[in-house]
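Accompanying notes for the structure given below.
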Amino acid sequence: MKLVQAALFGAAMSLASVPAIAGDAAAGEAAYNSKGCSGCHGQGGNSQVPANPALAGKDAAFLQQQLADFKSGARKNPTMNAMAAMLSDADMANIATYLSAQK
């Protein structure tokens with residue numbers, strides 16, 4: 001139980017660490033497709049591969065934080081760390097806004 005509480009606390013602190021930037025969904029769609037995100041996470045964030053999470057409809061602030069954590073190395077995944085390293089803060093905000101509007 002303490003492990004679950006610690007994980008929830010860590011997630012809450014992580015969400016508070018990156019200020020949400022309002023994004024542009026059209027720019028986010030362009031970045032999502034041109035930077036290779038759709039190759040693993042599917043068109044519109046609807047992954048058909050169980051190992052790659054579906055991102056469509058997720059909360060924009062949550063998505064933006066996850067991208068920031070991958071970029072900073074706070075969250076470890078060799079593929080996502082490399083992919084996020086290519087993204088600007090505006091790219092992350094735009095992609096998060098785009099994905100949150102998908103179904």
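Small disclaimer: the values here were computed from a predicted structure and weren't measured. Excluded from the calculations below are hydrogen atoms, water molecules and symmetry mates; all remaining heavy atoms, backbone and side chain alike, are included.
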Query raised in the report: Backbone N or O of Gly45 within a donor-acceptor pair of the Tyr32 side chain at under 3.5 Å?
Result: yes
Query raised in the report: Quick one: salt bridge (charged side-chain N to carboxylate O under 4.0 Å, His left out) partners of Lys35, sequence neighbours excluded?
Result: Asp91
Requested in this report: Take Leu67 and Met80 through the side chain to side chain contact (heavy atoms under 4.5 Å, CB included) test and state the conclusion after the steps.
Outcome: CA-CA 8 Å; Leu67 289 170; Met80 283 304 303; 4.0 Å; yes
Query - Under 3.5 Å donor-acceptor, His41 side chain and Asn46 backbone - result: no
**Report entry** Option from Leu99, Asp24, Asp89, Leu87 for which side chain to side chain contact (heavy atoms under 4.5 Å, CB included) with Asn94 holds
**Finding:** Asp24
Query raised in the report: Of the non-hydrogen atoms in Gly44 and Ala56, which two are nearest, and what is the gap between them?
Result: O-CB, 3.3 Å
**Report entry** Evaluation steps, side chain to side chain contact (heavy atoms under 4.5 Å, CB included), between Gln65 and Asp69
**Finding:** CA-CA 6 Å; Gln65 181 65 54; Asp69 286 350; 2.7 Å; yes
Query - Hydrophobic cluster membership, Phe62 vs Met83, 4.5 Å side-chain cutoff - result: no
**Report entry** Nearest-0.5 Å distance, NZ of residue Lys58 to CD of residue Gln102
**Finding:** 13.5 Å
Report summary line: Smallest heavy-atom separation, Pro53 atom then Ala51 atom, equals CD-O, 3.7 Å
**Report entry** Side chain proximity check, Met92 to Leu63, heavy atoms < 4.5 angstrom
**Finding:** no
Query raised in the report: Between atom SG of Cys37 and atom CE of Met86, what is the distance when rounded to the nearest 0.5 Å?
Result: 7.0 Å
Query raised in the report: Which distance, rounded to the nearest 0.5 Å, do you find between the OG of Ser88 and the NZ of Lys71?
Result: 6.5 Å
Query - Side chain Ser47, main chain Asn52, donor-acceptor under 3.5 Å - result: yes
Report summary line: Shortest non-hydrogen pair, Ala84 vs Phe70, comes out as CB-CB, 3.8 Å
Query - Minimal non-hydrogen separation, Ala96 against Ala60, with atom names - result: CB-O, 3.3 Å
Requested in this report: Show your reasoning for whether side chain to side chain contact (heavy atoms under 4.5 Å, CB included) applies to Asn33 and Gln43.
Outcome: CA-CA 8 Å; Asn33 291 318; Gln43 288 293 67; 3.4 Å; yes
